[in-house]
Enquirer: 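The following block contains the structure, expressed as structure tokens.
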Amino acid sequence: MPDGIAEILQQLILTTRILANEKVLDAFGHVSVRHPRDPQRYFIPRHRAPELAEIADIVELNLDSEPVRPTQFRLYSERVIHGEIYKARPDVNAVVHHHAHAVLPFAISGRELVPVFHLGAVIGKVPFWDQRDEFGDTNMLVVKPEEGASLARALGPHWMVLMRRHGATVAGTDLRQLAFRTVFGCHNAALQSAAIAHDTGRVDQLSAGEQELTEAGQLSPRPIERAWDYWVRQVEKAGLMPAKAKRRAATAAKISRTTAPKRKPKKRR
Ligand code: MN
């Protein structure tokens, strides 16, 4: 993972745009990254549709998901998902929560999501979490620290957890691995649903040995770089590339400024 703050913030925005462009995120969902030098903190954009987030929208939170310095920004109500997973899993440095339509049939039916093609190996075992089990009727949002902690317990040592009637949360050792697992996890879900629709009586899946061997290969630098470069190109083609991060100092200054940039009054013709 890059240790420069400016670089990590740039990569956070780029990952967010990749996941929006790949139809994982829409108006909702959010991506975060752990602070590269202070494991007790993480970065996440303020409350807005993820594709619209800019570097200046990023806030720094502690693992209780409270801002480390005062901010006027409205924050995602479900940010405890991120903070509680970072608390429970020191090996996790990037998290996304999403409601991608590809995974929702599994979150709704309770059917197990399993690796059904080689690139899907990266999802590994995908446990379920049902907020209702511990918390009864809620507004379905993961907003209390204990709700986030419960989700983190359900994730356990795995990398993706399905949230009943809601969506999914995915973890990674860094943002690129997170993007890889998230995008191919959605492709895997769509393919598994399509295979079920074939109704041949049997949906094949990777054996435990195939899953293990394939995952190790897919999570090596080359496939991740190759996929990342492809998704960055798609973001470029969509005209969604974030402005290049300036020097760290400039970025830090920008973040500490207030929300609305001053605009020159429009000249009359
Ligand atoms: Mn949600």
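Order of appearance sets the numbers: ligands from 1, and atoms from 1 within every ligand. What's counted below: heavy atoms across the whole structure, side chains too, no hydrogens, waters or symmetry copies. Positions are given from 1, in the same order as the sequence printed here.
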Enquirer: Any heavy-atom pair between the side chains of Asp130 and Arg165 that's under 4.5 Å?
Expert: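 Heavy-atom side-chain distance check passes, below 4.5 Å.
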
Enquirer: Using distance only, find each side-chain donor-acceptor pair of residues 60-68 under 3.5 Å and give its atom names and separation, not counting sequence neighbours.
Expert:
| residue | atom | partner | partner atom | Å |
| --- | --- | --- | --- | --- |
| Glu60 | OE1 | Arg69 | NH2 | 3.4 |
| Glu60 | OE2 | Arg41 | NH1 | 2.9 |
| Asn62 | OD1 | Asp64 | N | 2.9 |
| Asn62 | OD1 | Ser65 | N | 3.1 |
| Asn62 | OD1 | Glu66 | N | 3.0 |
| Asp64 | OD1 | Lys87 | NZ | 2.7 |
| Ser65 | OG | Tyr42 | OH | 2.8 |
| Ser65 | OG | Arg79 | O | 3.3 |

Enquirer: Of the options Glu84, Gln131, His97, which is the one that meets Val142 in a side-chain contact (heavy atoms from CB on, under 4.5 Å)?
Expert: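 Testing each of Glu84, Gln131, His97 against Val142, the sole residue satisfying side-chain contact (heavy atoms from CB on, under 4.5 Å) is Gln131.
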
Enquirer: With sequence neighbours excluded, give me every salt bridge (Lys or Arg N to Asp or Glu O under 4.0 Å) pair touching residues 97-113.
Expert: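 Only Glu112-Lys125 qualify under salt bridge (Lys or Arg N to Asp or Glu O under 4.0 Å).
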
Enquirer: Keeping waters out of it, list the protein N, O or S atoms under 2.8 Å from the Mn ion (ligand 1).
Expert: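 Result, waters dropped: Glu78 OE1, His97 NE2, His99 NE2, His166 NE2.
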
Enquirer: Should His30 and His47 be marked as a side chain to side chain donor-acceptor pair (under 3.5 Å) after you check the CA-CA gap, both sets of side-chain angles, and the distance that decides it?
Expert: CA-CA 9 Å; His30 21 82; His47 178 276; over 6 Å; no

Enquirer: Hydrophobic cluster mates of Val143, side-chain heavy atoms under 4.5 angstrom, ILVMFWY only, any path?
Expert: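 Other cluster members: Leu141.
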
